[in-house]
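Here's the structure we're looking at; comments come further down.
Keep in mind that the numbers below use all heavy atoms, side chains included, and drop hydrogens, waters and symmetry copies. To find a chain, count down the sequence lines: A is the first, B the second, and so on, and within it residues start at 1.
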There are 2 protein chains.
Amino acid sequence: MQTEEEILKIKKVKNTAVRTVVLRHLLSQEKAQSLKDIENALAYTDRSSIFRTLKTFEENKVIHSIEDGSGMTKYAVCAKGCNCDPKDLHYHFYCTNCDKTFCLFDVPIPKIQLPENFKLKQANMVVKGLCDNCNK
Amino acid sequence: MQTEEEILKIKKVKNTAVRTVVLRHLLSQEKAQSLKDIENALAYTDRSSIFRTLKTFEENKVIHSIEDGSGMTKYAVCAKGCNCDPKDLHYHFYCTNCDKTFCLFDVPIPKIQLPENFKLKQANMVVKGLCDNCNK
DNA sequence: TAATCTTTGCAATCGAGTTGCAGTAAAAGG
DNA sequence: CCTTTTACTGCAACTCGATTGCAAAGATTA
Ligand SMILES: [Mn+2]
Ligand SMILES: [Mn+2]
Ligand SMILES: [Zn+2]
Ligand SMILES: [Zn+2]
């Protein structure tokens, strides 16, 4: 696992106090985090600063966002080497019981055969149901 | 293609003026519609009435919703026989250029091998890129 | 150091979605 | 029919996640 400093260096994002603490928080969580999650965890950091940090991170492929249908966009740190290209596509799982969203890096995504002349650029793939913990 | 009346009858949703016109509009459009799209198209029908109609339709599997990441939930009429079960899963395409979202009923969705003990219930699968019209 | 650019915090704003409520319409009961 | 009950509709107000303007603070450059 890389440190915050290493990640920001690789992605060419200047390191600041807010960025370090936001990225550290994201790295420490197994579930994808919403702006509010982060705001709650970092009590003394302003929401709009976190918001802009997330935008900067996303633009620079430090993190990617997930629309899981919960009403709040979630964010997760990109895997090492990820460029948010079609090759980096992966499913996300949203547990409708415990409200946890996370990347399914280990589930292979098949090649999607789009109609003639369509061009694939990105995707937001969210699979919903019960996680192992809630499916008992 | 079924008429509005037939669909509502099959799905056991009472037919009303607003419901008929909303469903008719959805059937007439090839792209999935947002609440605002419908509001704009039906100038004399109140937004909250349309909103509640969409909720009723969704609860009764007349339509399904799509979170395409555009900030507005889109709605599309369910295919004949659809029950919004995992078997009815299909991809959606969101064109980042012309902002059009639609169901890809013809693209097969492979079986998703979830981790041990996870239960699949639904999914929101949105593929993004350029549609044939914009990819020139 | 002075000038310039970037980041941050605060407050205000935006807008999609949602709800309370009262009026209207439709269904049920007699 | 007429009355009672239930469902639907329109309007206005509100919620809340997301976003922005602006000035202060911090970092970088000349
Ligand atoms: Mn992910
Ligand atoms: Mn669809
Ligand atoms: Zn769970
Ligand atoms: Zn297009």
Between B:D46 and B:R19, the residue closer to the 5' end of DNA chain D by nearest nucleotide is B:R19
How close or far is atom C1' of D:dT19 from atom CZ of A:F51, stated in whole angstroms? 5 Å
Could you check which of D:dT9, C:dT8, D:dG17 has an atom nearest any side-chain atom of A:K36? D:dG17
Quick one: label A:R47 by what it contacts on the DNA or RNA (base, sugar-phosphate, nothing), any heavy atom closer than 4.0 Å. base
Touch check for A:S34, heavy atoms < 4.0 angstrom, all strands: base, sugar-phosphate only, or nothing? nothing
Measuring from the side chain of A:M72 (C-beta onward, heavy atoms only), which nucleotide among D:dA18, D:dT19, D:dG10 has the closest atom? D:dA18
Between B:N60 and B:V62 (side chain of the first, backbone of the second, donor and acceptor by atom type, cut-off under 3.5 Å), is there such a pair? no
A:E58 CD to D:dA18 C1', in whole Å, measures 13 Å
B:Y91 and B:I109, any side-chain heavy atoms less than 4.5 Å apart: yes
Compare side-chain N and O positions of A:K55 against OP1 and OP2 of D:dT19 and report whether any pair is under 4.0 Å apart. yes
Please report the distance, rounded to the nearest Å, between CG in B:L23 and C1' in D:dC8. 17 Å
Which nucleotide in C:dA16, D:dG10, D:dA18 has an atom nearest any side-chain atom of B:S48: D:dG10
Distance check needed: D:dC8 C1' versus B:L8 CG, whole Å only. 14 Å
Is there side-chain contact between A:N15 and A:E5, with heavy atoms separated by less than 4.5 Å? yes
In whole Å, I'd like the distance from the CG atom of B:L35 to the P atom of C:dA16. 9 Å
Any donor-acceptor N/O pair, B:D46 side chain to B:S48 backbone, under 3.5 Å: yes
Please classify the nucleic acid contact of B:T16 as base, sugar-phosphate, or nothing, using heavy-atom distances under 4.0 Å. sugar-phosphate
Assign each of A:K14 and B:S49 the nucleotide of DNA chain D bearing its closest heavy atom; nearer the 5' end lies the nucleotide of B:S49
Contact check, side chains of A:Y94 and A:H92, non-hydrogen atoms, under 4.5 Å: no
Rounding to an integer number of Å, can you tell me how far A:E39 CD sits from C:dC10 C1'? 13 Å
Starting at CD1 of A:I50 and ending at C1' of D:dT20, how long is that distance when rounded to a whole Å? 17 Å
Tell me which nucleotide among C:dC21, D:dA18, D:dG17 gets nearest to the side chain of B:R52. C:dC21
Taken to the nearest whole Å, CG/A:N40 to C1'/D:dC16 is 14 Å
